[in-house]
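Let me begin by presenting the structure, written as structure tokens, before commenting on it.
Chain letters run A, B, ... following the sequence lines, proteins first, then strands; residues in each count from 1. Note: hydrogens, waters and symmetry copies are ignored here, and every other heavy atom, side chains too, is used. Computed from a predicted model, the values in this text were never measured in an experiment.
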Amino acid sequence: MTQSTKNVRTRFAPSPTGSLHVGGARTAIFNWLFARHFNGEFILRIEDTDQERSTDESITEILDAMQWLGLDWDGKPFRQSERLNIYQEHANKLLESGHAYKCYVTPEELEEKRKEAQSKGEVLRYKREWAKLNESPNNPYAIRLQTPDEGTIEVQDLLRGTITFDASEVDDFIILKRDGFPTYNFAVVVDDATMDITHIIRGDDHLINTPRQVLIYNALSYDIPQIAHVSMILGADNKRLSKRHGATSVVAFKDQGYLPEAIINFLSRLGWSYGNQEIFTKEELIEKFTLDNVGKSAAVFNEEKLEWLNSWYIKNEPPEKIGELVLPLLKEKGLNIDIDEKLIKIIKELSQRAKNLLDIADTIDYFYADGIEFEEKAKSKFLTPAIKPVLSDITERLSDLSEFNTDEMHKVFDQVMEERELKLGKIAQPIRVSLTGGTVSPGIFEVMDILGKDEVLKRLNKALDVIPNEDVSN
RNA sequence: GUCCCCAUCGUCUAGCCUGGCCCAGGACAUCGGCCUUUCACGCCGAAAACAGGGGUUCAAAUCCCCUUGGGGACGCCA
């Protein structure tokens, strides 16, 4: 890639009309990685020029999500709504230089013309003479850029090379709305130029806007930054990812117990790759990310793979860290505990079986319950009169242990198995049901170790109480 | 409809730029097996793709063209 990578400065420019969705997050990640890779700067710019749809809640949500993902930005986020005078100055300059003109036609009139064209199966082409409609010093106006009528407009894309558009495809478009706010294309150019952005990485839905932006750069005599259009993320049906596809916002995944590491890892690999490597730490991503390995085709959001990555991180991150993350979930369930040796042991076991943090919180109950309930099916299948003597025997021997550790437990079980000529498979499930109430849990020795001697004996005795005695009359 | 982009297993992708090492490699998911104390984990294995057609070339997944398919854009939204 023959691009300059000195003083790199990238930006993420969300519009605050909702929370951060995964597509936006991927764009943010690429820009962030690119900047960090080249020791450059990554700035945030809130594109809130749509007064109707922009909200402060969205801004907060987006910034929170960015922070949660660990995408730190340099300096204070810019807000376009606070830079109106800058856009107006630039628009006036274009007015003076003859690159732009005032247009008095109303949105309503245009809408009517648009409908008319549509009914004829056509697309509305703006005609320059409409600008004069309603012209009067007192009437509001928008400002339009005067665009060339013929020739071509070339766009240089870092990923796709030179893309040529016919000038006739671009009609005179609005740069400043009648409310004094800039339109997207204009604000983007003015901002990227005045904010010294060196590299723009954005979704390829913006590719079609780029010739317009090129025209603005030229009219303003600004240099054009390096631009890379990455392909979009699609849903499983190959359609543009939207709410219809279920969870698409970053917070939704957070709420479902996903780790930021998994999301970053997953999203980074959508459209980018590094040989056959699947797992990347943040540091590795920064080290290895360049535009050279970014692909051009659209990627389908594959939630199963995200899930796999998430379970990988849950298994491989330090249990202390996972513990910190599940603590609030446990609080929600009324389990007010702190990180201690017991919790860490539990996490080590449960994380092997969890796809997300919720799984851990959902399967932890019996470790802390004061008196467990037996699942009916489990009870009737495994807590049988036939097994009662065995359970009773084991309970007695366990209670005799002075050292209650897994080695000693194993010895007890080995003895019982040998004396009674039973396989572990025969006694493990009754023990498991006795200790956890159900048929699914980590290994019984681990469970006993975590529960401790007193609790184990308590539960075994309770189980013995509920098992009817074997009918010995016959 | 017009314009723009894209095209390797179901999915994410390696390989493509700099043709031969590719009867195409990895991962997720699927299926089978092993391990086993349940559930998982883990390990081993299987099935699974160069969209189609023309060129160029001794040789094409790799270069060119067309077709087809998919996506995107056609706003005083961003």
Side-chain angles (χ1 to χ4, degrees), chain A residues 13-17 47-50 52-54 80 103 105-108 110-111 114 121-126 140-144 155 157 159-160 163-166 168-171 173-185 187-188 203-211 229 231-232 234 236 238-240 266 269-279 292-293 295-309 311 315 349-355 359 363 378 382 413 423-429 431-433 436 438-447:
Chain A
S15 65
T17 54
E47 308 216 322
D48 56 349
T49 53
D50 186 341
E52 301 277 300
R53 300 195 301 148
S54 299
Q80 290 186 326
C103 175
V105 66
T106 67
E108 293 73 29
L110 280 176
E111 189 49 38
R114 188 166 290 125
E122 292 166 1
V123 173
L124 181 78
R125 303 294 304 185
Y126 176 79
Y141 59 86
I143 297 178
R144 283 183 188 268
V155 171
D157 185 285
L159 262 26
R160 300 159 207 272
I163 301 159
T164 306
F165 294 85
D166 206 305
S168 64
E169 289 292 322
V170 180
D171 50 14
F173 58 96
I174 289 176
I175 56 174
L176 207 69
K177 308 179 213 173
R178 52 171 54 200
D179 64 4
F181 276 62
T183 54
Y184 164 75
N185 283 122
V188 162
D204 85 6
D205 48 335
H206 289 291
L207 188 49
I208 214 86
N209 288 317
T210 312
H229 288 101
S231 282
M232 330 200 43
L234 310 177
N238 266 327
K239 298 286 177 218
R240 186 183 184 145
F266 175 71
R269 280 284 284 95
L270 239 38
W272 174 82
S273 61
Y274 191 81
N276 284 336
Q277 189 170 346
E278 297 287 349
I279 305 286
D292 296 300
N293 296 321
K296 292 186 285 194
S297 46
V300 171
F301 188 89
N302 181 197
E303 202 167 334
E304 282 166 337
K305 190 152 187 180
L306 205 208
E307 205 171 64
W308 170 76
L309 273 165
S311 69
K315 283 193 235 344
E349 294 302 325
L350 295 187
S351 59
Q352 298 304 311
R353 299 161 169 77
K355 289 205 183 305
D359 286 346
T363 50
F382 294 109
F413 274 71
K423 295 229 179 194
L424 184 55
K426 280 283 168 209
I427 39 187
Q429 279 307 73
I431 294 280
R432 173 168 287 111
V433 175
T436 70
T439 55
V440 176
S441 83
I444 50 168
F445 297 107
E446 285 70 30
V447 171

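Nucleic acid contact for A:L270: sugar-phosphate only, since backbone atoms but no base atoms lie under 4.0 Å from a heavy atom of the residue. In this structure, A:K315 reaches the sugar-phosphate backbone alone: every heavy-atom distance under 4.0 Å involves primed, P, OP1 or OP2 atoms, never a base. Among the heavy atoms of the strands lying under 4.0 Å from A:N209 is at least one base atom, whether or not backbone atoms are also near. Nucleic acid contact class of A:G425 (heavy atoms, under 4.0 Å, all strands): sugar-phosphate only. A:G271 comes within 4.0 angstrom of sugar-phosphate atoms only, judged by non-hydrogen atoms across all strands, and of no base. Here A:V300 lies in heavy-atom contact (under 4.0 Å) with sugar-phosphate atoms only.
Nucleotide B:rU36 forms a pair with no other nucleotide shown, judged by Watson-Crick or G-U wobble geometry with both contacts under 3.5 Å. In this structure B:rA60 sits in no base pair that meets the Watson-Crick or G-U test at under 3.5 Å. With a cut-off of 3.5 Å on both pairing distances, the Watson-Crick or G-U wobble partner of B:rC31 is B:rG45. A 3.5 Å limit on both hydrogen-bonding distances identifies B:rC74 as the Watson-Crick or G-U partner of B:rG1.
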Quick test: give all pairs of protein nitrogen or oxygen and nucleotides 3-8 of chain B nitrogen or oxygen below 3.5 Å, distance rounded to 0.1 Å.
from: B:rC3; atom 1: O4'; to: A:E169; atom 2: OE1; distance (Å): 3.4
from: B:rC5; atom 1: O3'; to: A:R160; atom 2: NH1; distance (Å): 3.3
from: B:rC5; atom 1: O2'; to: A:R160; atom 2: NH1; distance (Å): 2.4

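Comparing B:rA40 with B:rC31, their P atoms are spaced 12 Å from each other, to the whole Å. Taking the C1' atoms as reference points, B:rU2 lies 33 Å from B:rU62, given to the whole Å. Using atom C1' as the reference point in both B:rC17 and B:rA61, the two lie 14 Å apart (nearest Å). Separation of the C1' atoms belonging to B:rC50 and B:rC9 is 10 Å when rounded to the nearest angstrom. Rounded to whole Å, the separation between the P atoms of B:rG42 and B:rA27 comes to 12 Å. Look at the C1' atom in both B:rG32 and B:rG71: the space between them is 38 Å, to the nearest Å.
Taking 4.5 Å as the limit, some side-chain heavy atom of A:R240 sits within range of a side-chain heavy atom of A:D205.
The side chain of A:S273 contributes an N or O atom lying less than 4.0 Å from OP1 or OP2 of B:rA14. In this model, the phosphate group of B:rA78 is not approached by any side-chain N or O of A:R53 to a distance below 4.0 Å at OP1 or OP2.
A:D171 contributes a side-chain N or O that, together with a main-chain N or O of A:Y126, makes up a donor-acceptor pair within less than 3.5 Å.
Among the nucleotides B:rC12, B:rC41, B:rU11, the one closest to the side chain of A:R269 is B:rC12.
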